[in-house]
Structures are given as C-alpha cells and as structure tokens.
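Taking it in order: structure first as structure tokens, then the write-up.
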Amino acid sequence: MTSNPEAQSENLLDRRLKSVLIDADRLRSRIAEMGRQITRDYAGRDLAVVTILQGGAVFMADLIREIHLPLTIGSVSVASYHGGTASSGTVSFHQSRMPDIQGKDVLVLDDILDTGRTLAAILRRFGEECQPASMKVCVLLEKQVERVEPIQADYCGFSIADEFVVGYGLDYDGEYRNLPMIGVLSEEFIH
Ligand code: IMP
Ligand code: MG
C-alpha cells in the first residue's frame, strides 16, 4: 500500500481488471508490425482508413502513425451493444452521411471482430452507397467464435478466446476505453 495519493489514483482503473490479456508493449509492437505490412500492401494506392466509432478510435490513432503512406481518414458511428456484454443483434447507424471514399482503397478498422454483424452492415452500406475501389477489413482483435456473418479480417492483431474484454478502445457500458491495455473486468464491476 502506497501513501502517495498520485500513485494510487494512477491505478484506479487498472485495478478493476482481473487479468491483463495484452499489455501496452505488446499492443504497440504488434500495431507497428501491422502498419509495416499495410505500408507494403498499399504502396502506390489511394488509401482511405475508416474506423468504427467509438471502439476503433484508439486503434486508428495508433495504427495510422505506423502506416508510412499518404492516406485519408474517416469514421462511421454505429452501436451494436447498447450497454451490455452481449451483442444485441441489431446494428444502428448514428449518422446518415457516409464517409467520402469514392474510388478509394478502403481499409475498415474495428477494435474487435465478434459475430461479424457490425462489419457486415458497414461493408454492405459502403458497397451500396459509396463506390469504393476496394474494401478490406483490419481489426485489432478477433474472437475465436463462430461468426453470424461471413466476415474475415484481412489484417488481425490478436486472436482471443470468447471472453468479454475492455481497454484500448473497447468499453463496458461506455467506460474503460482509455485503459492502455486489453483486459478482463472483475465481476464486481459488471452490473
Ligand atoms: P460484432 O458485430 O458482433 O462483430 O461485434 C463487434 C462490436 O461489438 C465491436 O465493434 C465492439 O464494439 C463490440 N464488442 C464485441 N466484443 C466485445 C468485447 O469483448 N468487449 C467490448 N466490446 C465488444
Ligand atoms: Mg464497436
């Protein structure tokens, strides 16, 4: 037990995790690796990185700084959880205007691929309304579950077991997105 109040408050959020699955160093080095691969694959193309808010915001901020090519960024805001720890089955768009990706080689980012419903809904909508030149999927995490929709990640940071995780963009009931690591919440903080 420390008597330094600042050191204590630094850990207020981390303390709510019962385990850390992926720490900040592993996240950083894997994302740098993904950036190198994307840099190789998209050289000479017209890259647009579009992230899914809110969860994909942290991932995009770090990943684009590891991609050493000209690119544009965009976002699309959807909800599929509505506060719980299980996918609700419906994907609702929070905006009617889609990002400007006509003729671009689009890389759609998300924090995690679970049932595949979110990415399927977004790819479908982009395909119908936005005329991109190409679309690929890049996720930080992929859950080892049977998908409801046939979505495969073209780039994936880590494959994880079917467990509810928070941190690095992923939330529980709107919170924990600012944790620098990916972890599992202690039961006492799940209501
Ligand atoms: P899917 O539509 O079932 O593939 O779920 C994808 C979305 O659900 C992601 O964009 C996340 O926002 C959310 N999600 C899925 N699994 C988790 C989790 O373990 N923790 C937090 N959010 C999750
Ligand atoms: Mg999400």
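Whatever order the structure lists ligands and atoms in, that order sets their numbers, starting from 1. Counting from 1, the numbers follow the sequence of the chain as shown. Worth saying up front: this structure is predicted, and the values here are computed from it rather than measured.
Interface of Glu163 with ligand 1, defined as ligand atoms under 4.0 Å from a residue heavy atom, comprises 19 (O). Heavy-atom proximity to Thr118, at under 4.0 Å, picks out these atoms of ligand 1: 1 (P), 2 (O), 5 (O), 6 (C), 7 (C). Remark: ligand 1 atoms within the under-4.0 Å shell around heavy atoms of Asp171 are 21 (C). Applying the 4.0 Å criterion to heavy atoms of Asp111 picks out, from ligand 1, the atoms 9 (C), 10 (O), 11 (C), 12 (O). Residue contact check: Lys143 has heavy atoms under 4.0 Å from atoms 16 (N), 17 (C), 18 (C), 19 (O) of ligand 1. Of all the atoms in ligand 1, the ones that sit under 4.0 Å from a non-hydrogen atom of Thr115 are 1 (P), 2 (O), 3 (O), 4 (O). Atoms of ligand 1 lying under 4.0 Å from at least one heavy atom of Asp110, given by number and element, are 9 (C), 10 (O).
With Tyr176 as the aromatic partner, Arg16 does not meet the cation-pi criteria of under 6.0 angstrom to the ring centre and within 45 degrees of the ring axis.
For His68 and Tyr42, the distance between ring centers is not under 6.0 angstrom.
Residues Thr51 and Gly56 come closest through the heavy atom pair OG1-O, 2.8 Å.
Residues Tyr168 and Arg177 are not in side-chain contact: their nearest non-hydrogen atoms beyond the backbone lie 4.5 Å or more apart.
Of the listed residues (Val166, Val165, Val91), the one carrying the non-hydrogen atom nearest atom 21 (C) of ligand 1 is Val165.
In terms of the side chain to side chain donor-acceptor pair (under 3.5 Å) criterion, residue partners of Arg65 (sequence neighbours excluded) are, by chain and number, Asp62.
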